[in-house]
Amino acid sequence: MISTRGVLDPGRAIDLETARFRLRSLKPVDASERWLGWVQDPEVVHPANAPVRHMTRQELAKYIGSHDNYTRYLIGVFDKASGLHIGFFFVDVDRTHDTATFNVMIGEKSFWGKGVVNEARAVLIDYFFDKLGMAKICGGPLSRNFPMVFNYKAQGWIYEGTLRGHFKSVVDGSRLDQLRFRFLPHEWRAVRDKVRGQ
(Lines give C-alpha, C1' and ligand atoms only; values in the text may rest on other atoms or scores of the structure.)
Protein backbone atom coordinates (compact mmCIF):
# COMPACT_ATOMS: atom_id res chain seq x y z
CA MET A 1 0.00 0.00 0.00
CA ILE A 2 1.37 3.41 -0.96
CA SER A 3 0.86 5.76 1.95
CA THR A 4 0.21 9.49 1.82
CA ARG A 5 2.73 10.39 4.51
CA GLY A 6 6.16 9.11 5.46
CA VAL A 7 6.13 6.33 8.03
CA LEU A 8 9.81 6.03 8.90
CA ASP A 9 11.88 7.97 11.39
CA PRO A 10 13.71 11.01 10.01
CA GLY A 11 17.32 10.22 9.22
CA ARG A 12 16.81 6.48 8.86
CA ALA A 13 19.40 4.98 6.51
CA ILE A 14 18.32 3.09 3.41
CA ASP A 15 19.43 -0.51 2.81
CA LEU A 16 17.77 -2.35 -0.08
CA GLU A 17 18.56 -5.15 -2.51
CA THR A 18 17.72 -6.15 -6.06
CA ALA A 19 18.67 -9.36 -7.81
CA ARG A 20 22.14 -8.01 -8.62
CA PHE A 21 22.72 -4.96 -6.47
CA ARG A 22 22.68 -3.66 -2.92
CA LEU A 23 21.64 -0.06 -2.34
CA ARG A 24 22.49 1.62 0.94
CA SER A 25 22.93 5.09 2.36
CA LEU A 26 26.55 6.13 2.06
CA LYS A 27 28.72 7.22 5.00
CA PRO A 28 31.90 9.30 5.13
CA VAL A 29 33.97 6.11 5.43
CA ASP A 30 32.78 5.20 1.92
CA ALA A 31 34.96 7.95 0.43
CA SER A 32 37.43 6.11 -1.79
CA GLU A 33 40.09 6.60 -4.42
CA ARG A 34 37.75 4.86 -6.86
CA TRP A 35 35.07 7.51 -6.28
CA LEU A 36 37.64 10.30 -6.57
CA GLY A 37 38.54 8.84 -9.94
CA TRP A 38 34.93 9.09 -11.13
CA VAL A 39 34.63 12.81 -10.40
CA GLN A 40 37.89 13.45 -12.26
CA ASP A 41 36.70 11.64 -15.39
CA PRO A 42 34.96 13.87 -18.00
CA GLU A 43 33.21 10.84 -19.54
CA VAL A 44 31.53 10.16 -16.20
CA VAL A 45 30.59 13.67 -15.05
CA HIS A 46 29.99 15.71 -18.20
CA PRO A 47 26.81 13.88 -19.33
CA ALA A 48 25.20 15.25 -16.14
CA ASN A 49 26.75 18.69 -16.77
CA ALA A 50 28.89 18.30 -13.66
CA PRO A 51 32.42 19.72 -13.70
CA VAL A 52 35.54 17.66 -13.30
CA ARG A 53 36.58 17.94 -9.66
CA HIS A 54 39.92 17.34 -8.01
CA MET A 55 38.97 16.54 -4.44
CA THR A 56 40.76 15.04 -1.50
CA ARG A 57 39.38 12.02 0.26
CA GLN A 58 38.61 14.23 3.26
CA GLU A 59 36.62 16.66 1.08
CA LEU A 60 34.66 13.78 -0.40
CA ALA A 61 33.94 12.38 3.07
CA LYS A 62 32.65 15.80 4.16
CA TYR A 63 30.37 15.94 1.11
CA ILE A 64 28.99 12.47 1.87
CA GLY A 65 28.37 13.51 5.48
CA SER A 66 26.27 16.48 4.36
CA HIS A 67 23.45 14.09 3.38
CA ASP A 68 20.96 13.61 6.19
CA ASN A 69 18.72 10.76 4.93
CA TYR A 70 15.74 13.07 5.33
CA THR A 71 15.87 15.82 2.71
CA ARG A 72 19.14 14.75 1.05
CA TYR A 73 19.91 11.11 0.32
CA LEU A 74 23.15 9.72 -1.12
CA ILE A 75 22.60 6.05 -1.87
CA GLY A 76 25.41 3.83 -3.06
CA VAL A 77 24.96 1.09 -5.65
CA PHE A 78 27.06 -2.00 -4.92
CA ASP A 79 27.49 -5.08 -7.11
CA LYS A 80 26.43 -8.01 -4.93
CA ALA A 81 28.67 -10.52 -6.68
CA SER A 82 31.88 -8.58 -6.09
CA GLY A 83 30.96 -6.07 -3.39
CA LEU A 84 32.22 -3.32 -5.69
CA HIS A 85 30.84 0.20 -5.26
CA ILE A 86 29.82 1.15 -8.81
CA GLY A 87 27.82 4.38 -8.45
CA PHE A 88 25.22 6.29 -6.48
CA PHE A 89 21.83 7.96 -6.48
CA PHE A 90 21.35 11.46 -5.12
CA VAL A 91 17.76 12.10 -4.08
CA ASP A 92 16.53 15.54 -3.06
CA VAL A 93 13.29 15.46 -1.03
CA ASP A 94 10.88 18.34 -0.47
CA ARG A 95 9.16 17.31 2.78
CA THR A 96 6.63 20.15 2.56
CA HIS A 97 5.23 18.93 -0.74
CA ASP A 98 6.21 15.23 -0.52
CA THR A 99 8.18 15.23 -3.76
CA ALA A 100 11.50 13.56 -4.54
CA THR A 101 13.90 14.30 -7.37
CA PHE A 102 16.21 11.48 -8.46
CA ASN A 103 19.69 11.80 -9.96
CA VAL A 104 22.14 8.97 -10.65
CA MET A 105 25.75 8.43 -11.59
CA ILE A 106 27.27 5.06 -12.45
CA GLY A 107 30.99 5.65 -12.19
CA GLU A 108 32.24 2.18 -13.09
CA LYS A 109 32.25 2.12 -16.89
CA SER A 110 32.33 -1.68 -17.03
CA PHE A 111 28.72 -1.57 -15.74
CA TRP A 112 27.46 0.90 -18.35
CA GLY A 113 24.76 -0.46 -20.66
CA LYS A 114 23.94 -3.37 -18.35
CA GLY A 115 20.60 -2.23 -16.92
CA VAL A 116 22.00 -1.05 -13.60
CA VAL A 117 20.09 2.23 -13.37
CA ASN A 118 16.57 0.94 -13.92
CA GLU A 119 17.01 -2.22 -11.85
CA ALA A 120 18.30 -0.19 -8.91
CA ARG A 121 15.95 2.74 -9.37
CA ALA A 122 12.85 0.51 -9.33
CA VAL A 123 13.39 -0.53 -5.71
CA LEU A 124 14.11 3.09 -4.75
CA ILE A 125 10.89 4.26 -6.39
CA ASP A 126 8.98 1.61 -4.41
CA TYR A 127 10.70 2.73 -1.22
CA PHE A 128 10.08 6.44 -1.67
CA PHE A 129 6.41 5.87 -2.48
CA ASP A 130 5.62 3.01 -0.10
CA LYS A 131 7.82 3.82 2.91
CA LEU A 132 8.40 7.57 2.71
CA GLY A 133 4.98 8.54 1.39
CA MET A 134 6.08 10.63 -1.56
CA ALA A 135 3.27 12.03 -3.71
CA LYS A 136 5.47 12.52 -6.79
CA ILE A 137 8.91 11.43 -7.98
CA CYS A 138 10.73 13.46 -10.62
CA GLY A 139 13.74 13.14 -12.88
CA GLY A 140 15.44 15.67 -15.12
CA PRO A 141 18.06 14.40 -17.58
CA LEU A 142 19.66 16.68 -20.12
CA SER A 143 18.16 16.17 -23.57
CA ARG A 144 21.61 15.34 -24.97
CA ASN A 145 22.16 12.56 -22.41
CA PHE A 146 20.72 9.91 -24.70
CA PRO A 147 21.44 6.84 -22.54
CA MET A 148 19.73 8.42 -19.54
CA VAL A 149 16.73 9.58 -21.59
CA PHE A 150 16.45 6.04 -22.97
CA ASN A 151 16.40 4.67 -19.41
CA TYR A 152 13.58 6.98 -18.37
CA LYS A 153 11.46 6.03 -21.37
CA ALA A 154 12.19 2.32 -21.01
CA GLN A 155 11.08 2.44 -17.36
CA GLY A 156 7.78 4.08 -18.24
CA TRP A 157 8.31 7.55 -16.78
CA ILE A 158 5.79 10.18 -17.85
CA TYR A 159 7.29 13.00 -19.93
CA GLU A 160 6.15 16.38 -18.61
CA GLY A 161 8.00 18.79 -20.87
CA THR A 162 11.28 20.38 -21.89
CA LEU A 163 12.96 23.31 -20.18
CA ARG A 164 14.69 25.06 -23.07
CA GLY A 165 18.17 26.43 -22.41
CA HIS A 166 17.75 25.68 -18.72
CA PHE A 167 21.42 25.02 -17.93
CA LYS A 168 24.74 26.46 -19.03
CA SER A 169 27.25 23.84 -20.17
CA VAL A 170 30.24 23.47 -17.86
CA VAL A 171 32.28 22.50 -20.92
CA ASP A 172 31.66 25.23 -23.49
CA GLY A 173 29.05 27.61 -22.07
CA SER A 174 26.32 26.60 -24.51
CA ARG A 175 22.73 26.41 -23.33
CA LEU A 176 21.36 22.96 -22.56
CA ASP A 177 17.79 21.68 -22.55
CA GLN A 178 16.47 19.63 -19.64
CA LEU A 179 13.70 17.06 -20.00
CA ARG A 180 11.28 16.60 -17.13
CA PHE A 181 9.85 13.19 -16.23
CA ARG A 182 7.61 12.08 -13.38
CA PHE A 183 5.83 9.29 -11.62
CA LEU A 184 2.74 9.69 -9.47
CA PRO A 185 2.01 6.66 -7.28
CA HIS A 186 -0.76 5.26 -9.49
CA GLU A 187 1.36 5.77 -12.62
CA TRP A 188 4.20 3.75 -11.13
CA ARG A 189 1.85 1.00 -9.97
CA ALA A 190 0.50 0.71 -13.52
CA VAL A 191 3.92 -0.03 -15.06
CA ARG A 192 6.28 -1.29 -12.38
CA ASP A 193 5.80 -5.02 -12.86
CA LYS A 194 6.20 -4.71 -16.64
CA VAL A 195 9.28 -2.51 -16.62
CA ARG A 196 11.09 -3.52 -13.43
CA GLY A 197 14.78 -3.85 -14.21
CA GLN A 198 14.52 -2.73 -17.84
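With sequence neighbours excluded, the residues satisfying side chain to side chain contact (heavy atoms under 4.5 Å, CB included) with Pro147 are Asn145. Annotation: salt bridge (Lys or Arg N to Asp or Glu O under 4.0 Å) contacts of Asp92 (sequence neighbours excluded): none.
Taking the charged nitrogens against the carboxylate oxygens, Lys114 and Asp79 have no contact shorter than 4.0 Å, which rules out a salt bridge. The existence of a salt bridge linking Arg22 and Asp15 is confirmed by a sub-4.0 Å separation between a basic side-chain nitrogen and an acidic carboxylate oxygen.
The shortest heavy-atom contact between Pro42 and Pro47 is O-CD, 3.8 Å. Of all heavy-atom pairs spanning Ile75 and Leu124, the tightest one is CD1-CD2, 3.8 Å. Across all non-hydrogen atoms, the minimal contact from Pro185 to Ala135 is CD-O, 3.1 Å. Residue Val116 comes nearest to Ile86 through the heavy atom pair CG1-CD1, 3.8 Å, listed as atom of the first residue, atom of the second, then distance. Of all heavy-atom pairs between Trp38 and Gly87, the closest is CH2-N, 3.4 Å. Taking each heavy atom of Val91 and Ala100 in turn, the nearest pair found is CG1-CB, 4.0 Å.
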Item to complete: Could you please spell out the steps behind the side-chain contact (heavy atoms from CB on, under 4.5 Å) verdict for Ile64 and Phe88?
Response: CA-CA 11 Å; Ile64 297 170; Phe88 58 89; over 6 Å; no
Discussion item. Val191 vs Gln155, test: side-chain contact (heavy atoms from CB on, under 4.5 Å). Steps then yes/no.
Written reply: CA-CA 8 Å; Val191 302; Gln155 200 168 29; over 6 Å; no
Discussion item. As a quick check of understanding, evaluate side-chain contact (heavy atoms from CB on, under 4.5 Å) for Met148 and Asn103, giving each step before the final call.
Written reply: CA-CA 10 Å; Met148 191 59 66; Asn103 295 281; over 6 Å; no
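Between Lys136 and His97 the shortest side-chain heavy-atom distance does not fall below 4.5 Å. Looking only at side-chain heavy atoms (C-beta outward), Phe183 and Phe128 stay at 4.5 Å or farther from each other. Using a 4.5 Å heavy-atom cutoff, the side chains of Arg175 and Lys168 are in contact. With contacts defined as side-chain heavy-atom distances shorter than 4.5 Å, the pair Lys131/Asp126 does not qualify. No side-chain heavy atom of Leu142 sits under 4.5 Å from any side-chain heavy atom of His166. Ile137 is not listed as a side-chain neighbour of Arg121, based on a closest heavy-atom distance of 4.5 Å or more.
Taking the six-membered ring where tryptophan is involved, the planes of His67 and Tyr63 are perpendicular, since the angle between them exceeds 60° and thus also 30°. Ring geometry, His85 versus Phe78: the interplanar angle falls under 30°, so the pair is classed parallel (tilted spans 30 to 60°).
For Glu119 (side chain) and Arg20 (main-chain N/O), a donor-acceptor pair under 3.5 Å exists by modelled atom type. In this structure, Lys80 contributes its side chain and Thr18 its backbone to a donor-acceptor pair below 3.5 Å. Listed for the Arg182 side chain is no donor-acceptor partner under 3.5 Å among the backbone atoms of Ile158. Here the side chain of Asn118 pairs no donor or acceptor atom with the backbone of Gly115 at under 3.5 angstrom.
Cluster annotation: Tyr159 and Val104 are assigned to the same hydrophobic cluster (Ile/Leu/Val/Met/Phe/Trp/Tyr, side-chain heavy-atom contacts under 4.5 Å, transitive). Put simply, Ile125 and Leu184 are part of two different groups of oily side chains (I, L, V, M, F, W, Y) that touch within less than 4.5 Å, one to the next. In this structure, Val123 is a member of the same hydrophobic cluster as Trp188, with clusters built from ILVMFWY side-chain heavy atoms closer than 4.5 Å. By the criterion of side-chain heavy atoms lying less than 4.5 angstrom apart, applied directly or through intervening Ile, Leu, Val, Met, Phe, Trp or Tyr residues, Leu26 is grouped together with Val39 in one hydrophobic cluster. One hydrophobic cluster holds both Val77 and Phe90 under the rule that ILVMFWY side chains link at heavy-atom gaps under 4.5 Å.
For residues 134-155, the set of pairs meeting the ring pair (Phe, Tyr, Trp, His ring centres under 6.0 Å) definition, not counting sequence neighbours, comprises Tyr152-Trp157, Tyr152-Phe181.
Atoms CG and CD1, from Asn151 and Ile106 in turn, are 9.5 Å apart once rounded to the nearest 0.5 Å. Interatomic distance, OG of Ser143 versus CG of Leu163, reported as 10.5 Å (0.5 Å rounding). Of the inter-residue distances, the one linking Leu176 atom CG with Arg164 atom CZ reads 12.0 Å to the nearest 0.5 angstrom. Separating the CZ atom in Arg144 from the CD atom in Gln178 is a distance of 12.0 Å, to the nearest 0.5 Å. In this structure, CZ on Arg12 lies 10.5 Å from OG on Ser25, to the nearest 0.5 angstrom. Rounded to the nearest 0.5 angstrom, Arg180 CZ and Thr101 OG1 are separated by 5.5 Å.
Counted within 6.0 Å of NZ on Lys27, heavy atoms from surrounding residues, nucleotides or ligands total 12 or fewer; the atom is thus considered open. Heavy atoms from other residues, nucleotides or ligands lying under 6.0 Å from CZ of Arg53 number 12 at most.
Figure legend: cation-pi geometry between Arg95 and Tyr70, with NZ or CZ positioned under 6.0 Å from the six-membered ring centre and within 45° of its axis.
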